[in-house]
Amino acid sequence: MPSSAALRRPDGQPIRVLVVDDEPVLAELVTLALRYEGWSVRSAADGLSAVREARDFRPDAVVLDVMLPDIDGLEVLRRLRAELPVLPVLFLTARDAVEDRIAGLAAGGDDYVTKPFSVEEVVLRMRGLVRRSGVTARDADATLVVGDLTMDEDTREVYRAGEPVRLTATEFDLLRYLMRNPRRVLSKARILDSVWDYDFGGQANVVELYISYLRKKIDAGRPPMIHTMRGAGYVLKPA
């Protein structure tokens, strides 16, 4: 029985999720939990199968194990993003070192869960990713404008000085939060709580990482709009 607050695509169809893990019991548990959400779920036990399945299934989000028997999850993500640039991805892995978390995020993953984990936690984070990705039905459109930076929250299009800017789901959500609070200094803790919707293990460096991603896409070769206020946080303001 699906959750009473089931998320759905704008056309009313179920959210599509691909679960990639070579541990059959774990993959089945995650699959069943996501289906309980009312979502359509397929699974794959290795990286090459995941890439083939994604081409056929066209998922809205992916749960992806880093350690797979053929190619690893980072390579799978690279291949998926070549065809689906803003596909939200939640990494699963037994490795819990900070450098491994950062490696997964730096490769383009939107979130990271270390084993062992509760299935409820995976579902919670997937719901957050799907909401932020823009794949779900929206109530109304809106355009945010800060200086020469514009964002259409309905179409998820972003432009800087008329030039399109392509963002991942999490980059878009972070920029949207900054644009909804222009000229306001926002602390790392506040950004973490507002954008990621939960305590990301106290890893405020994930904010620094995604701010750096945005700067490369928003400010590169242009007058900067994203500024660091030392000891206080970050602020977005017209150039």
### Query
Looking at Leu68 and Asp22, what are the two nearest heavy atoms and their distance?
CD2-N, 4.1 Å
### Query
Is there side-chain contact between Pro238 and Val146, with heavy atoms separated by less than 4.5 Å?
yes
### Task
Take Asp72 and Asp65 through the test side-chain contact (heavy atoms from CB on, under 4.5 Å) and record every step on the way to the result.
CA-CA 8 Å; Asp72 66 25; Asp65 190 12; over 6 Å; no
### Task
Measure the shortest side-chain to side-chain distance between Leu175 and Met151 over non-hydrogen atoms and say whether it is less than 4.5 angstrom.
yes
#### Entry: In one Ile/Leu/Val/Met/Phe/Trp/Tyr side-chain cluster, 4.5 Å: Leu48, Leu84
yes
### Message
If you compare all heavy atoms of Leu174 against all heavy atoms of Tyr210, which two are closest, and at what distance to 0.1 Å?
### Response
CD2-CB, 3.6 Å
### Beyond-backbone contact of Asn205 with Lys188, side-chain heavy atoms, under 4.5 angstrom
no
### Task
Determine whether the side chains of Tyr177 and Arg190 contain a donor N or O and an acceptor N or O closer than 3.5 Å.
yes
### Query
Do Asp21 and Lys115 meet the salt-bridge criterion of a basic N to acidic O distance under 4.0 Å?
yes
### Task
Indicate yes or no: does Arg78 engage Glu75 in a salt bridge with an N to O separation below 4.0 Å.
yes
### Shortest non-hydrogen contact between Val76 and Ala50, atoms and distance
CG1-CB, 4.3 Å
#### Entry: Residue pair Thr170 / Leu129, side-chain heavy-atom distance below 4.5 Å
yes
### Message
For the CG atom of Asp111 and the CZ atom of Arg125, what is their distance to the nearest 0.5 Å?
### Response
5.0 Å
### Message
Could you tell me if the side chain of Leu92 sits less than 4.5 Å from the side chain of Phe117, heavy atoms only?
### Response
yes
#### Entry: Flag for Asp46-Ser49: side-chain donor and acceptor within less than 3.5 Å
yes
### Query
What's the shortest heavy-atom distance between Ala54 and Pro59, and which atoms?
O-CD, 3.5 Å
### Query
Leu90 pairs by side-chain contact (heavy atoms from CB on, under 4.5 Å) with which of Val122, Asp110, Val17, Leu64?
Val122
### Message
When you compare the side chain of Phe91 with that of Thr114, does any pair of heavy atoms fall below 4.5 Å?
### Response
no
### Query
Rounded to the nearest 0.5 Å, what separation is found between the CG atom of Leu32 and the OG atom of Ser43?
10.0 Å
### Query
Atom CG in Leu87, atom CG in Asp60: separation rounded to 0.5 Å?
8.0 Å
### Query
Can you find a heavy atom in the side chain of Val30 that is under 4.5 Å from one in the side chain of Met126?
no
### Task
Quick one: do Leu18 and Val62 satisfy side-chain contact (heavy atoms from CB on, under 4.5 Å)? Show the steps, please.
CA-CA 5 Å; Leu18 177 62; Val62 177; 4.2 Å; yes
### Task
Just do the side-chain contact (heavy atoms from CB on, under 4.5 Å) check on Arg156 and Arg176 with the steps written out, would you?
CA-CA 10 Å; Arg156 300 185 72 79; Arg176 177 170 56 187; 4.3 Å; yes
### Query
How long is the gap from OG on Ser187 to CE on Met229, to the nearest 0.5 Å?
13.0 Å
### Residue pair Pro223 / Arg160: nearest heavy atoms and the distance that separates them
O-NH2, 2.8 Å
### Task
Inspect the contact between Arg222 and Asp219 and indicate whether a charged nitrogen and a carboxylate oxygen are less than 4.0 angstrom apart.
no
## Note on the structure
Separation between CD1 (Ile211) and NE2 (His227), nearest 0.5 Å, reads 11.5 Å
#### Entry: Test item: Lys237 and Arg184 side chains (from C-beta on) under 4.5 Å apart, heavy atoms
no
### Query
Does atom CZ of Arg166 have more than 12 heavy-atom neighbours, drawn from other residues, nucleotides or ligands, at distances under 6.0 Å?
no
### Query
Honestly curious: do Ile191 and Val235 fall in one hydrophobic cluster under the side-chain, below-4.5 Å linking rule?
no
#### Entry: Shared hydrophobic cluster for Leu186 and Leu144 (ILVMFWY, side-chain gaps under 4.5 Å)
yes
### Query
Any idea which heavy atoms bring Ala33 and Val119 closest together, and the distance?
CB-CG1, 3.1 Å
### Query
Going through the distances and angles, do Tyr213 and Glu208 end up as a side-chain contact (heavy atoms from CB on, under 4.5 Å)?
CA-CA 9 Å; Tyr213 290 165; Glu208 298 176 12; over 6 Å; no
### Query
If you group Ile, Leu, Val, Met, Phe, Trp and Tyr by side-chain heavy-atom gaps below 4.5 Å, do Leu74 and Ile71 land in one group?
yes
### Message
Same cluster or not: Leu209 versus Leu167, using hydrophobic residues (I, L, V, M, F, W, Y) connected whenever any side-chain heavy atoms lie under 4.5 Å apart?
### Response
yes
### Task
Kindly say whether Ala61 contributes a backbone atom to a donor-acceptor pair with the side chain of Arg16 at under 3.5 angstrom?
no
## Note on the structure
Separation between CG (Leu214) and CG (Leu178), nearest 0.5 Å, reads 6.5 Å
### Query
Is there a donor-acceptor contact under 3.5 Å linking the side chains of Thr228 and Arg215?
yes
